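What follows is a set of notes on a single structure, which appears directly below.
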Amino acid sequence: MPDLMQILFDYIIDNFHEAYCLQTKRAMCQAQRDTLSRRLEEQLTEEQRELFEEYKEYAADVEMEELYAMFLAAFDQSAALLRRHIS
């Protein structure tokens, strides 16, 4: 992502993302996911826990990449709408 886009993305994440998440079922889904994660982790061996931690790190990376993709899609669509009104 170009530097300017990264700055804009970071600004949105830092200042607006959470407010928009409050308008969704995210908190409920996250709470359920965290409960299930803890229950699963309690049943794992030490080796399995290490693997599960690695899995959670990659899952967080995937979530961030999905946010990047959604940001880029929204940005492109906004730019396309703007071009239609200027032309």
Side-chain angles (χ1 to χ4, degrees):
M1 187 179 318
D3 290 343
L4 181 59
M5 296 292 279
Q6 184 66 51
I7 291 168
L8 184 56
F9 175 81
D10 292 341
Y11 178 78
I12 290 170
I13 291 295
D14 293 343
N15 296 286
F16 300 105
H17 179 251
E18 195 61 36
Y20 282 100
C21 285
L22 293 174
Q23 298 176 31
T24 69
K25 297 178 184 176
R26 180 178 182 253
M28 179 188 64
C29 293
Q30 188 174 23
Q32 183 64 22
R33 181 196 65 196
D34 293 347
T35 298
L36 292 171
S37 178
R38 280 190 299 277
R39 286 178 52 201
L40 175 61
E41 205 162 0
E42 290 169 357
Q43 299 175 30
L44 300 176
T45 66
E46 188 59 38
E47 185 177 323
Q48 291 169 328
R49 275 193 200 106
E50 290 173 14
L51 183 60
F52 188 53
E53 284 301 317
E54 186 177 350
Y55 165 80
K56 290 193 301 186
E57 288 175 18
Y58 278 104
D61 290 346
V62 167
E63 185 176 333
M64 185 56 70
E65 293 301 323
E66 288 174 347
L67 285 173
Y68 283 151
M70 185 57 68
F71 166 76
L72 293 172
F75 190 89
D76 285 346
Q77 290 302 304
S78 296
L81 288 170
L82 182 60
R83 279 191 299 273
R84 284 187 209 143
H85 290 302
I86 291 177
S87 301

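These numbers come from a predicted model, not from an experiment.
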Rounded to the nearest 0.5 Å, how far apart are [atom1] of [X] and [atom2] of [Y]?
X	Y	atom1	atom2	answer
N15	D10	CG	CG	10.5 Å
L51	E47	CG	CD	8.0 Å
L81	D76	CG	CG	11.0 Å
F9	H17	CZ	NE2	7.5 Å
C29	R26	SG	CZ	10.0 Å
R38	E41	CZ	CD	9.5 Å

- Task: For the residue pair F52 and Y55, categorise the inter-ring angle as parallel (less than 30°), tilted (30 to 60°) or perpendicular (more than 60°).
- Result: parallel
- Note on the structure: M5 and F75 have their tightest heavy-atom pair at CE-CD2, 3.6 Å
- What one should report as the nearest heavy-atom pair of Q43 and Q48 is O-OE1, 4.4 Å
- Looking at K56, Q32, E42, which one forms a side-chain contact (heavy atoms from CB on, under 4.5 Å) with S37? K56
- Query: When L67 is tested against each of I13, L72, V62 for side-chain contact (heavy atoms from CB on, under 4.5 Å), which residue passes?
  - Reply: I13
Treat each ILVMFWY residue as a node, draw an edge where side-chain heavy atoms are under 4.5 Å apart, and state whether [X] and [Y] are in one component.
X	Y	result
L8	Y68	yes
Y20	Y11	yes
M64	F71	yes

- Query: If you measure only the distance, is there a donor-acceptor pair under 3.5 Å linking the side chains of Q30 and D34?
  - Reply: no
